[in-house]
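FYI, the numbering just counts along the sequence from 1.
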Amino acid sequence: AWCLQQKLPTLARQHIDEALKLDPSHPRARRLFGYVRIDDAWLKTADPPSAPPKAAEDDARVIEQLRAAWHRRIHGLRDAFLREGAERGVRTFDAGREQLLAIRAPLAMEAACALLGDEGVRTRVLLTEHLAKFEDDASALNLLAFCLLDPDLDLRVAAADALAARNDPRVGEFLQRALRARVDDVVRRAAVALGRLKSPAAFDDLVTALPTDAFAAERRSLGDLMREAERTFSAPMDVPIDDRVAHAPARIALPGWVRRVEQIESSATPPTARNRSEVQEALIALTGQNYGFDAGAWRDWMRRQSVLTSPP
């Protein structure tokens, strides 16, 4: 620190290097050499400074540097194991899977979404497993984006299962609002997710959504729904940096998601079927009953359940 105060950066680097040779985990030397501690690891985020850092500049600058550091690390993991590795064999992919699922840093989650979100289905399903390890709003936000935007059913089911495990009532409430989407495919995708959540609160909206002409006066664009998701799941991520906690905003980090929203809306065609089988299947999953597309029969069944469970 004295060398930096005296504007002797070369000598400072020499002393820091010597300290790290004697003790590779020396906290002061690591920090001066541009490292920050994240969980149990030291990550290089910048070149050694030529002057003592100012506290007011730290958080935003370090968060951006950490984003870049995690981007490089996940990029290397993807190229070594999760892209080429998938072609070389299961063992290599499993090694990459194990490494990814061991990472717990929130900013790594963001990098994983950006770099793995348009890979093959197996890698995207792995990404949902990775997101499920986090309780942050950013995790729920990106899982919801998968539920409504991804073309693959298996991937959407994996994302919905990860959301179901969170027991967050906001998830079901948002998906119920997505049943009012203008695009029929989006309504069907929301119904699939609600079927995995099995939330009793969704029963009435699901029954209403059985016919394809439902909610005619309440329909909403997919872009509007995604903006609502961003507002609903907006709690910032806690980013531990050395001995303090900084905050990074929650955001959808899947690559090209805005363009995907535009493509889904621009390519939508009016539904040809009168009813939605995905909604029926969600009701079957929720209730264990099957009244087909007869909304009246579904509601009669629910009324009977209410009578049976009401106190005398």
Side-chain angles (χ1 to χ4, degrees), residues 24-25 27 30-31 33-46 59-86 88-146 150 155 158-159 161-166 168 233 235-255 257:
S25 296
R30 282 282 187 178
R31 292 178 186 124
F33 226 13
Y35 287 82
V36 294
R37 180 178 284 280
I38 303 297
D39 297 324
D40 294 325
W42 288 97
L43 281 183
K44 182 75 180 296
T45 64
D59 285 1
R61 173 179 58 81
V62 172
I63 283 174
E64 288 308 310
Q65 291 169 344
L66 283 171
R67 278 197 173 104
W70 278 116
H71 194 280
R72 291 191 296 271
R73 182 169 172 183
I74 300 297
H75 189 283
L77 187 62
R78 181 197 66 182
D79 288 355
F81 297 101
L82 304 177
R83 175 180 282 174
E84 299 173 11
R88 288 199 297 266
V90 172
R91 180 180 298 178
T92 307
F93 183 89
D94 285 348
R97 177 182 180 275
E98 183 177 350
Q99 290 188 46
L100 181 66
L101 295 182
I103 297 173
R104 293 291 186 274
L107 292 177
M109 168 182 61
E110 202 176 71
C113 286
L115 289 165
L116 306 180
D118 58 358
E119 290 294 314
V121 173
R122 179 165 63 159
T123 299
R124 299 204 309 280
V125 170
L126 169 59
L127 177 54
T128 67
E129 291 183 65
H130 176 66
L131 290 171
K133 301 289 184 181
F134 298 88
E135 297 180 357
D136 306 76
D137 272 13
S139 167
L141 181 58
N142 283 278
L143 287 167
L144 281 167
F146 265 139
D150 200 275
L155 187 284
D161 286 345
L163 287 166
R166 300 172 70 94
D168 184 340
F233 297 89
M237 296 180 286
D238 290 340
V239 182
I241 300 174
D242 294 333
D243 299 324
R244 68 186 189 279
V245 176
H247 302 287
R251 60 187 183 184
I252 301 174
L254 299 176
W257 73 269

So, taking the atom named CG in D118 and the one named SG in C113, what distance separates them when rounded to the nearest 0.5 Å? 11.0 Å
Test item: side-chain donor near acceptor, R78 and H75, under 3.5 Å: yes
I'd like to check the salt bridge (Lys or Arg N to Asp or Glu O under 4.0 Å) partners of D161; sequence neighbours left out, ordered by chain and number. R196
With salt bridge (charged side-chain N to carboxylate O under 4.0 Å, His left out) as the rule and sequence neighbours excluded, what pairs involving residues 245-254 come up? E110-R251
Testing the basics here: between V125 and L155, what is the closest heavy-atom pair and its distance to 0.1 Å? N-CD2, 3.4 Å
Euclidean distance, L163 CG relative to L131 CG, rounded to 0.5 Å: 9.0 Å
Contact between L127 and L254 at the side-chain level, heavy atoms closer than 4.5 Å - yes or no? yes
What pairs of residues pass the ring-ring contact (aromatic ring centres under 6.0 Å, His included) test when at least one of them lies in residues 94-139, not counting sequence neighbours? H130-F134
Tell me, please, which residues at least two apart from A132 pass side-chain contact (heavy atoms from CB on, under 4.5 Å). A162
With sequence neighbours excluded, what pairs up with D168 under the side-chain contact (heavy atoms from CB on, under 4.5 Å) test? R166, R170, V171, F233
Hey, could you give me each pair passing ring-ring contact (aromatic ring centres under 6.0 Å, His included) that has a residue in residues 96-116? Not counting sequence neighbours. none
Testing the basics here: between L100 and A112, what is the closest heavy-atom pair and its distance to 0.1 Å? CD1-CB, 4.4 Å
Once salt bridge (Lys or Arg N to Asp or Glu O under 4.0 Å) is applied, do any residues pair with E129, and if so which ones, sequence neighbours excluded? R97
A246 to I63 - nearest heavy-atom pair and separation: CB-CD1, 3.9 Å
If you define the side chain from C-beta out and look only at heavy atoms, does anything of I103 sit under 4.5 Å from I74? yes
Minimum heavy-atom distance between A158 and T128, given as atom pair plus value: CB-OG1, 3.7 Å
Donor-acceptor contact present, side-chain T123 to main-chain L82, <3.5 Å: yes
Suppose we screen for side-chain contact (heavy atoms from CB on, under 4.5 Å). Which residues come up paired with Q99, at least two apart in sequence or across chains? L77, F81
Looking at every heavy atom in both P255 and A114, which two are closest together, and how far apart are they? CG-O, 3.6 Å
Under the side chain to side chain donor-acceptor pair (under 3.5 Å) test, which residues partner H247, sequence neighbours left out? D238
Drop me the distance from L115's CG to R72's CZ, to the nearest 0.5 angstrom. 12.0 Å
At their closest point, which heavy atom of L141 faces which heavy atom of A250, and how far apart are they? CD2-C, 4.4 Å
With side chains defined as the heavy atoms from C-beta onward, is the minimum distance between L101 and L126 less than 4.5 Å? yes
Partners of D136 by salt bridge (Lys or Arg N to Asp or Glu O under 4.0 Å), sequence neighbours excluded? none
